[in-house]
Novice: 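What follows is a single structure, and I will ask about it in a moment.
Small disclaimer: the values here were computed from a predicted structure and weren't measured. We count ligands from 1, going down the list as the structure has it; atoms in each ligand are counted the same way.
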Amino acid sequence: MSEKLTIYPSLLAADFGNLETACRTVKTSGADGIHLDVMDGHFVPNLSMGPQVVEMASRVEGLHLNTHLMVTHPQNLVQSFIDAGSHTILIHIEADCDVKQVLSTIKAAGCRTGITLNPATPASSITDILDVVDEVLCMTVVPGFGGQSFMPEVLPKIAEIRAALTARSLPADIMVDGGINAETGAQCVAAGANILVAGTFLFRSSDMAAEIENMRSVAAGS
Ligand code: DX5
Ligand code: ZN
């Protein structure tokens, strides 16, 4: 686990008429990269973006691309998101695939790997893959849409996964996604998260850089 708090604005909340500008704003705002939400209209009841958007974001030099696949069959899509320039690719434990196989494809391509749990999915569902992932993403909303309210009932699961990682001396990061702002982000950090994804909160603010700094200082005080 890296010591520094990592913050990824989620492009889903950006103005889709100006996506490249949004990526450049993220790059200059002190964020650690950008979170790209891929939805297939099946795993979640919404469609969002495909590999072309990830490829567009890859043109912003030095921008870490954290790709979150909310799709039923990641095995059919993962290669196109590797080819598009993703640095990290996260799949869901609830997906219809051989999870370990897909994670190993991602890793073999030189990308960081992540496993994601929906709010209702227990920590025990990932016990046997904690040692093969770089990131564990605990959804703090039911995925599919930006702008939803944070679910505080996920906090004990974050603490449970952090305790399991610590007990096994495993280095995985814990990320949270959904309804994150300075206050809810700090609650997640106190529970054991070290990567915060924030869409609406950062893209609707008038000064993303100042809000990112604020998130870091509120979390540091937690
Ligand atoms: C939800 C997505 C999130 C979303 C978060 O399905 O996975 O990444 O963009 O948006 P906010 O921060 O607006 O809840
Ligand atoms: Zn996401």
Novice: Would you name the N/O/S atom of Asp177 that lies closest to the Zn ion (ligand 2)?
Specialist: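 Looking only at N, O and S atoms of Asp177, the one nearest the Zn ion (ligand 2) is named OD2.
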Novice: Does any N or O atom in Gly147 lie less than 3.5 angstrom from one in ligand 1, N or O only?
Specialist: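 There is such a contact, yes.
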Novice: I'd like to know if the side chain of Gln148 and the backbone of Gly179 have a donor-acceptor N/O pair within less than 3.5 Å.
Specialist: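 No, the answer is negative, given that no donor and acceptor are paired below the 3.5 Å cut-off.
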Novice: Side chains of Ile93 and Thr121: closer than 4.5 Å at any heavy-atom pair?
Specialist: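 Heavy-atom side-chain distance check passes, below 4.5 Å.
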Novice: Atoms of ligand 1 less than 4.0 Å from Met39 heavy atoms?
Specialist: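 So the answer, numbered in order with elements, is 6 (O).
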Novice: Any non-hydrogen atom of Phe201 lying under 4.0 Å from ligand 1?
Specialist: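 Contact check Phe201 vs ligand 1: negative.
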Novice: Any N or O on Val197 sitting closer than 3.5 Å to an N or O of ligand 1?
Specialist: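 For ligand 1, there is no N or O atom that lies under 3.5 Å from one belonging to Val197.
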Novice: Under 4.0 Å from a heavy atom of His35: give me the atoms of ligand 1 that qualify, with their elements.
Specialist: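 Numbered from 1, ligand 1 contributes 8 (O).
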Novice: At what distance is the nearest protein heavy atom to atom 6 (O) of ligand 1, and which residue and atom is it?
Specialist: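 For this ligand atom, the closest protein heavy atom is Gly144 N, 2.8 Å.
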Novice: If the cut-off is 4.0 Å to any non-hydrogen atom of Met139, which atoms of ligand 1 fall inside it?
Specialist: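 In order of number, 7 (O).
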Novice: If you have a sec, work out which protein heavy atom is nearest atom 1 (C) of ligand 1 and how many Å separate them, to one decimal?
Specialist: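 Answer for atom 1 (C) of ligand 1: Phe145 O, 3.6 Å.
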Novice: If you count heavy atoms of other groups shown closer than 6.0 angstrom to CD of Glu213, is the number above 12?
Specialist: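 At most 12 heavy atoms, drawn from other residues, nucleotides or ligands, come within 6.0 Å of this atom.
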Novice: What are the atoms of ligand 1, with element, lying closer than 4.0 Å to any heavy atom of Ala198?
Specialist: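 Answer for ligand 1: 12 (O).
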Novice: Counting only heavy atoms, which portion of Thr200 has something under 4.0 Å from ligand 1: side chain, backbone, both, or neither?
Specialist: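 For Thr200, backbone and side-chain atoms both sit under 4.0 Å from ligand 1.
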Novice: Between His68 and His92, what is the ring plane arrangement, given parallel below 30°, perpendicular above 60°, and tilted in between?
Specialist: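 Rings of His68 and His92: parallel, under 30°.
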Novice: What atoms of ligand 1 come closer than 4.0 angstrom to any heavy atom of Gly178?
Specialist: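 Close to Gly178: 14 (O).
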Novice: Between the main-chain N or O of Thr88 and the side-chain N or O of Arg112, is there a donor-acceptor pair closer than 3.5 Å?
Specialist: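 Checked: no pair found.
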Novice: If I take the Zn ion (ligand 2) as the centre, what angle separates the NE2 atom of His35 from the OD1 atom of Asp37? Nearest 10 degrees is fine.
Specialist: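 My answer is 90°, to the nearest 10°.
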Novice: Rounded to the nearest 0.5 Å, what separates atom OH in Tyr8 from atom CG in Leu202?
Specialist: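 So the gap between those two atoms works out to 14.0 Å.
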Novice: I'd like to know if the side chain of Arg204 reaches the main chain of Ala13, judged simply by a donor and an acceptor atom lying under 3.5 Å from each other, with no hydrogens or angles considered.
Specialist: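 Yes; judged by distance alone, with no hydrogens or angles, the pair exists.
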Novice: Tell me which N, O or S atom from His68 is the closest to the Zn ion (ligand 2).
Specialist: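 Minimum-distance N/O/S atom of His68 relative to the Zn ion (ligand 2) is ND1.
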Novice: Would a distance-only check, ignoring hydrogens and angles, find a side-chain to backbone donor-acceptor pair under 3.5 Å from Thr67 to Ile89?
Specialist: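 It does not hold such a pair.
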Novice: Pro143 versus ligand 1: do any nitrogen or oxygen atoms come within less than 3.5 Å of each other?
Specialist: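 No, no N or O pair falls under 3.5 Å.
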Novice: Among protein heavy atoms, which sits nearest to atom 3 (C) of ligand 1, and what does the distance come to when rounded to 0.1 Å?
Specialist: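 Of every protein heavy atom, Asp177 OD1, 2.9 Å lies nearest to atom 3 (C) of ligand 1.
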Novice: Can you find an N/O atom of Gly179 closer than 3.5 Å to an N/O atom of ligand 1?
Specialist: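 There is such a contact, yes.
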Novice: Can you pull out the closest protein heavy atom to atom 4 (C) of ligand 1? Residue, atom name and distance to 0.1 Å, please.
Specialist: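 Sorting protein heavy atoms by distance from atom 4 (C) of ligand 1 puts Asp37 OD2, 3.6 Å first.
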Novice: Output the list of atoms in ligand 1 that are nearer than 4.0 Å to some heavy atom of Gly146, sorted by atom number.
Specialist: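 Counting atoms of ligand 1 from 1, those under 4.0 Å from Gly146 are 10 (O), 13 (O).
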Novice: Among all protein heavy atoms in this structure, tell me which lies nearest to atom 12 (O) of ligand 1, with the distance rounded to 0.1 Å.
Specialist: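 Residue, atom and distance for the closest contact: Gly199 N, 2.8 Å.
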Novice: Would His73 and Asp96 satisfy side-chain contact (heavy atoms from CB on, under 4.5 Å), going step by step from the backbone distance to the final call?
Specialist: CA-CA 6 Å; His73 298 298; Asp96 184 7; 3.4 Å; yes
Novice: Going hydrophobic residue to hydrophobic residue with side-chain gaps under 4.5 angstrom, can you get from Leu103 over to Ile195?
Specialist: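 Each belongs to a different hydrophobic cluster.
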Novice: Out of the candidates Val54, Asp37, Leu19, only one should pair with Leu11 under the side-chain contact (heavy atoms from CB on, under 4.5 Å) rule; please name it.
Specialist: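 Testing each of Val54, Asp37, Leu19 against Leu11, the sole residue satisfying side-chain contact (heavy atoms from CB on, under 4.5 Å) is Leu19.
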Novice: For ligand 1, which atoms have a heavy atom of His68 less than 4.0 angstrom away?
Specialist: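 This gives 7 (O) as the contact atoms.
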Novice: Quick check: do Phe43 and Asn118 have side-chain heavy atoms less than 4.5 Å from each other?
Specialist: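 Answer yes - side chains close enough.
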Novice: Taking a cutoff of less than 4.0 Å between a non-hydrogen atom of the residue and any ligand atom, is Ala13 in contact with ligand 1?
Specialist: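 Ala13 does not count as a contact of ligand 1 under the 4.0 Å cut-off.
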Novice: Please report the interatomic distance CG(Leu117) to OG(Ser125), rounded to the nearest 0.5 Å.
Specialist: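 Nearest 0.5 Å value for the CG-OG distance: 4.5 Å.
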Novice: Show me which atoms of ligand 1 lie under 4.0 Å from any heavy atom of Met70.
Specialist: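 By the 4.0 Å cutoff, the relevant atoms are 6 (O), 7 (O).
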Novice: Check this for me, if you would: do Arg162 and Asp173 make a salt bridge, where the nitrogen-to-carboxylate-oxygen distance has to be below 4.0 angstrom?
Specialist: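 Here Arg162 does not pair with Asp173 in a salt bridge, since their nearest N and O are not under 4.0 Å apart.
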